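Notes to accompany the following structure.
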Amino acid sequence: MLTPADWTLLPEAAWSSLTAMGRALAESSAEDALERALDVLVEALGADRALVLSGAHAEHVRCGRRAGREARPEERADLCRSVIEDALASDRTAQRTHEPGREESIGELGIVSAIATPLRGMRGVLYADFRHPLRRPAEAHRELLACAASLFAATLRASEGDASPQPASHDEAEPELDELLETAGLRPLRAEIDASLRLDSPTLIVGESGTGKTLLAGALARASGRAPVVRAMLGASDDLNTIASELFGHERGAFSGAVGRRSGLVELAEGGTLILDEVLNLPMRAQQVLLDLTQFGTYRPLGWQGRDPKRANVRIIAATNGDLERAVAEGTFRRDLYYRLAGTVIRIPPLRERRGDAPALALTCLRRLDSDRRWTLSVGARRLLRSPELRWPGNVRELESVLARAAARARGREPSVTQLRPEHFEPPYGAVAPERPSERREVAPRDAGSLSDTWQRLARERTELEDAERALLERAVKESRGVLAHAARALKIPRTTLLSRLARAGIEARPRLDAAG
């Protein structure tokens, strides 16, 4: 890695790095390839982090690395969003650098400088940032990032089976499968989903209420190519004839009021996909008729007089927020029907188990609620949404409701607002992470005395505060014997923040001593 004393990337080094990245991307599976190539990029740039972000507004972290290891969830989330927005808006490489003394999110995150460049031919960016005050990217590093982005984009398009970019054409209210799986918390489901798509067998999606089971079922159905997609909401009635008529239809005269023939949902889904929503609500008596459909592909409409049953060519995707295995054990759900539906089982984790996804999900939701406004989240808002104090019992559905109210409050206070801050969230949500002073919109002035007297007093207080901070930093470094990681831990601040404060105070930092910690 280049040292601060020799912070010039030679052309030979750039080509060598690009060659190494190309080799890494070509020789490994998609996810491993991204990680290996990002490690090369971090080393070549001398950066602290490098990430691949996807989505219309680069809101999803596809892969993130930091000095040879995977970036932790908080390291994936606390990014310089402004440089990402700049890169997307200008369609070129963008850079943001923190100016000492300015109150801005990039400085609060401990980032000295950040660069981002679009992934050509697809939605997303390649991003890197720097925490050491003596490491700031030059033009050569921005050019290297742009060249690397072309390699990453080509690999991503190839892994998705699309060598040429295609414009998105789906309705944002109905997200596609890749869009749903862009969040880190759902990416582990890829293996089960690939199995479901490959086998075309019945699939069972389970998860708590509000986790997005129906959205995933619809996206899975569209990705399989089995159209039309028909959804059956089960449990609205306990009457067997009503259920059978809804699913399988009825003939004229089948019962009082049946003045004509009616096609059921199974017939309407012929050749496509039938989504059985909340299948656990199906009464025991109705489970038998569904078993015949799943086992033999046959059904009988009410009043059917034919010798043989009708045949159906439908792919079944069932979803429920209940515990089917427990229902089977308690005898309230047929074991044989469970095995027929559970060809592939996909379990969606609740939002509290993947709270790192909350900021990305929030941006997607905000842009769906108000597509005319480019919404962003302040650092405090992102921390709020990831707070362990929020249990999110209603999962993504609850998150969407909270965001809708927060956006309405924000627009009510400031019609042109584009950023949500903690103050916009109603209790108890806004109370879990009070906004930091650097995120406040206004600071109340202290008006005692004349302007000149007040200014002189503030200058003296500022000097005293800086002296006190310098003394405290020197003490922390001394007591930790120069191991900066230990000093940062003692002060309960990030190591990157400590480095920035030491540089600002003019205290010599020796990062090499960190090896001991």
Side-chain angles (χ1 to χ4, degrees), residues 1-28 33-55 57-58 61-68 71 75-76 79-99 106 109 111-159 163-165 496:
M1 182 177 68
L2 299 174
T3 64
D6 183 25
W7 191 228
T8 303
L9 191 65
L10 300 177
E12 295 84 355
W15 283 112
S16 176
S17 298
L18 287 171
T19 301
M21 277 183 271
R23 188 181 305 115
L25 291 168
E27 294 178 354
S28 306
L34 292 178
E35 291 181 357
R36 291 179 58 190
L38 280 181
D39 285 340
V40 175
L41 183 62
V42 169
E43 182 75 14
L45 293 175
D48 284 85
R49 291 185 297 181
L51 300 98
V52 178
L53 299 103
S54 58
H57 302 279
V61 179
R62 181 70 178 266
C63 184
R65 302 291 290 177
R66 181 165 188 172
E75 294 172 335
R76 289 168 167 256
L79 311 177
C80 178
R81 295 300 312 182
S82 58
V83 76
I84 294 171
E85 297 287 345
D86 289 347
L88 291 173
S90 64
D91 196 33
R92 59 188 300 178
T93 303
Q95 177 174 343
R96 283 288 181 105
T97 299
H98 174 56
E99 298 180 12
I106 184 174
L109 294 172
I111 299 173
V112 173
S113 191
I115 51 177
T117 193
L119 294 173
R120 299 298 177 186
M122 63 182 303
R123 299 176 301 172
V125 301
L126 182 60
Y127 167 96
D129 62 29
F130 306 79
R131 304 302 182 94
H132 195 287
L134 298 181
R135 289 182 189 157
R136 300 193 180 190
E139 181 62 30
H141 303 92
R142 293 191 290 272
E143 292 177 0
L144 174 61
L145 189 76
C147 292
S150 298
L151 294 175
F152 279 87
T155 299
L156 288 169
R157 291 198 303 269
S159 68
S164 59
T496 51

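Everything quoted here is computed from the prediction, not taken from an experiment. Computed from heavy atoms alone, side chains included, the values below leave out hydrogens, waters and symmetry copies.
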Practice task
Measure the shortest side-chain to side-chain distance between Ile115 and Asp129 over non-hydrogen atoms and say whether it is less than 4.5 angstrom.
Solution key: no

Handout entry: Least distance between heavy atoms, Ile84 atom then Ala58 atom
Key = CG2-CB, 3.7 Å

Completion exercise
Residues Gln95 and Ser113: closest non-hydrogen pair is NE2-OG, 3.3 Å

Handout entry: Gap separating the CE atom of Met21 from the CD atom of Glu43, nearest 0.5 angstrom
Key = 11.5 Å

Problem - Atom of Glu35, atom of Cys63 and distance for their closest heavy-atom approach - result: CG-SG, 3.5 Å

Fill in the blank from the handout: Residues Pro118 and Thr93: closest non-hydrogen pair is CD-N, 4.2 Å

Problem - Donor-acceptor contact present, side-chain Tyr127 to main-chain Val83, <3.5 Å - result: no

Problem - Donor-acceptor pair between Arg96 and Ser82 side chains, under 3.5 angstrom - result: yes

Exercise for the section: Compare all side-chain heavy atoms of His132 with those of Val112 and state whether any distance is below 4.5 angstrom. Expected result: no

Exercise for the section: Ignoring hydrogens and angles, tell me if any N or O in the side chain of Arg65 forms a donor-acceptor pair with the backbone of Ala50 under 3.5 Å. Expected result: no

Handout entry: Where Ala24 and Ala37 come nearest, the two heavy atoms and their spacing
Key = CB-N, 3.9 Å

Practice task
To the nearest 0.5 angstrom, please state how far the CZ atom of Arg142 sits from the CG atom of Leu45.
Solution key: 11.5 Å

Practice task
Would you indicate whether the side-chain heavy atoms of Leu119 and Val52 approach each other to under 4.5 Å?
Solution key: yes

Practice task
Please tell me if the side chains of Arg66 and Leu51 come closer than 4.5 Å, counting only heavy atoms from C-beta onward.
Solution key: no

Handout entry: Pair Arg49 + Glu75: basic N to acidic O under 4.0 Å
Key = no

Completion exercise
When rounded to the nearest 0.5 Å, the distance separating CG of Leu25 from CG of Leu34 is 6.5 Å

Exercise for the section: Measure the shortest side-chain to side-chain distance between Leu41 and Leu38 over non-hydrogen atoms and say whether it is less than 4.5 angstrom. Expected result: yes

Fill in the blank from the handout: So NE2 of His141 and CG of Leu145: to nearest 0.5 Å the spacing works out to 11.0 Å

Handout entry: Any donor-acceptor N/O pair, Arg131 side chain to Leu109 backbone, under 3.5 Å
Key = yes

Exercise for the section: Would you give the length of the straight line joining atom OG of Ser150 to atom CZ of Arg120, rounded to the nearest 0.5 angstrom? Expected result: 7.0 Å

Practice task
Side-chain contact test, heavy atoms from C-beta onward, threshold under 4.5 Å: evaluate it for Ile111 versus Asp48 and give yes or no.
Solution key: no

Handout entry: Heavy-atom closest contact (Leu88 atom, Gly124 atom, distance)
Key = CD2-O, 4.2 Å

Problem - Spatial distance of atom CG (Asp86) from atom SG (Cys80) [nearest 0.5 Å] - result: 8.0 Å

Problem - pair Arg23-Thr19: side-chain heavy atoms closer than 4.5 Å - result: yes

